[in-house]
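Heads up: the structure comes next, in structure tokens.
This is a predicted model, so every value here is computed, not measured. Just so we're on the same page: letters track the sequence lines, and every chain starts at 1. Both backbone and side-chain heavy atoms feed into the values below; hydrogens, waters and symmetry mates do not.
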Amino acid sequence: MEQSVQIDPLLRIQALSHWYRINGAARLVFSNLQGELRQGELVCLIGRSGCGKSTLLKVIAGFLQPSSGKCLLAGQEIGDAGPDRGVVFQEDALFPWLTVRENVTFGMKANTIDSGEVDALLQQVGLFDYAGQLPQTLSGGMKQRVALARVLIRSPRLLLMDEPFGALDAQTREEMQSLLLRLMRDRQQTVIFVTHDVQEALLLADRIWLMDQEGGGFTHELLVALPRPRDPSVPAFQEQARQLHSWLRQ
Amino acid sequence: MTDLSKDALLVNEKKNKGKRPLGSLVLGVLLPLLLLALWEGISRFNLVPAYLLPSPEQVLITAKSYIFDQPGSGPYSGRFWGDLSASLVRVVSGFSLAALCAIPLGLCSGRIERINALLSGLVNGLRAVPGICWLPLAMIWFGIGLKTTVFLVALAAFFPIYQNTLTGSALVAPVYLQAGAMLGVSPLGRVFSIIVPMAMPNIIVGLRLGMGIAWAYLVLGELTGVPDGLGAVIMDARMLGQTDLIVVGIFLIALIGKLCDSLLVLLLRTLFKSARRL
């Protein structure tokens, strides 16, 4: 993969490999991944099911130790999971016994909670009026907005999103994509976004990394230089979609 | 319809979902009332002799005397409160001991495979032993009285609490623990702030089953010749041929057992947010 010219990337992935054993046989998930992510960038990871997108995200999040190689966040090797790498999971993973507000502030010490900031964030994600509701009373889109708010309140250096809108209907998905882009712009948030949807990747990403199905590294990188908001009907968008599809078919 | 109004509708629909309709309350008392009517019919037409099945009226008179009359005015008059407090001490002591051992062990077994492997053989083996088998040994160890009953109650209540806590904690999806780690909660903090609340529905089931079985084993413990307690009254009444007092004892144990179950749920709901969503 082409190396970034930026001197100090926020995230640097160096010769990262991961494999696990099933019944004594090693199964390679990915090998020798190299990549860099700049501050404020949104990179989409795309690839077929089982190619290791979610595993890579787990390694960066600190949920999983890589078999070899390392990831550096702002020059420091990443360790265990922590609030500097916020994760939005595919399923909402909200705590069902806590209200929206309590989910957002979960794990924070009482004296570090700025209730004005919580209110402002809930306003931003459109959930201020639902702050006292339990997750079971919310729709799928609302739950994912809570999941987004609870990581953003901690101002993570890196936001990791694992197919977060995969289970949503088309209209809600579009709204969530717009919300994410707005929050990214306002906060200069750096994001790695896993998806298997080519159109979603092109709508959101600054760059797209394709992962090898056969346990290799990133096979291709696509720079998406289209102006936002992006229109899937324009020829340049469709050309890039065709390019991605052809790489995925290879 | 806009997304927001759709969301509001959904919230209202789900809010109303938890309310218990009047019809189900009526259904809840229907069967007991039918059984009462059947019992009254059997007594009124002398289908079964009174020494085998006393009439509801006779049972009410005996209950009134047992609960409300002055102590000393009859052989069992006014003894209820003393028997109740003796039985409650035994149930609460045995049940608390069981919960204190079973919940931590269940949590450890549910989350740590090696502890589960260490305990499962022993626990499953002991679980299969009927409580009555322990009675002779308990009487030799502890004599007749509080200790034997508390031992039996604790032993019996332990297994459902342990097993349900184990199941609940084993079923906590890794994604919740990953979320906790990502939000900065320490490994020990995750036990109390994530695993216990997530397992709470199962823990409550275990505690309620444990409470029910505690009352059953209380009676077993009190049938051994202790001087007071609701089980002791039933045993005395059997020896005196007072079936009306046996029926009173059975009703009171059912009533107090139900009350204890409701109080337990209320206590858990008051103490733990995670119990309130049930």
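Within the 4.5 angstrom heavy-atom criterion, only side-chain atoms of A/L98, from C-beta onward, approach chain B. When heavy atoms are compared at a cutoff of 4.5 Å, A/R154 approaches chain B solely by way of its side chain, counted from C-beta outward. Proximity to chain B (any heavy atom under 4.5 Å) is shown, for A/F106, by both the backbone and the side chain. B/V175 touches chain A through backbone and side chain together, each having a heavy atom under 4.5 Å away. For B/L177, no part lies under 4.5 angstrom from a heavy atom of chain A. Of the atoms belonging to A/A93, heavy atoms from both backbone and side chain fall under 4.5 Å from chain B. With a 4.5 angstrom heavy-atom cutoff, A/P96 touches chain B via backbone and side-chain atoms both.
The greatest number of non-hydrogen atom pairs below 4.5 Å with chain B, out of A/L134, A/L94, A/V151, A/L160, is found for A/L94. Between chain B and the residues A/P83, A/P156, A/G107, the most heavy-atom pairs under 4.5 angstrom are made by A/P83. Residue with the most contacts toward chain A among B/Q178, B/R190, B/K273: B/Q178 (heavy-atom pairs, distance under 4.5 Å). Of the residues considered (A/G82, A/A147, A/G62), A/G82 shows the highest number of contacts with chain B, using heavy-atom pairs under 4.5 Å.
Donor-acceptor pairing under 3.5 Å is lacking for the side chains of A/D197 and A/T195.
Checking side-chain atoms of B/S186 against main-chain N and O of B/G189 turns up a donor-acceptor pair under 3.5 Å. Between the side chain of A/R187 and the backbone N or O of A/L152 there is at least one donor-acceptor pair closer than 3.5 Å. Not one N or O on the side chain of A/Q90 forms a donor-acceptor pair closer than 3.5 Å with the backbone of A/G166.
In this structure, B/W134 and B/F151 have perpendicular ring planes: the angle between them is above 60°, well past the 30° mark.
Applying the ring pair (Phe, Tyr, Trp, His ring centres under 6.0 Å) rule to pairs touching residues 144-190 of chain A yields A/F165-A/F193, sequence neighbours excluded.
With sequence neighbours left out, A/R101 forms a salt bridge (Lys or Arg N to Asp or Glu O under 4.0 Å) with A/D119.
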Assess the residue pair A/R157 and A/D84 against the criterion (salt bridge (charged side-chain N to carboxylate O under 4.0 Å, His left out)); give the C-alpha distance rounded to whole Å, side-chain angles, the decisive distance to 0.1 Å, and a yes or no.
CA-CA 5 Å; A/R157 302 193 79 152; A/D84 58 338; over 6 Å; no
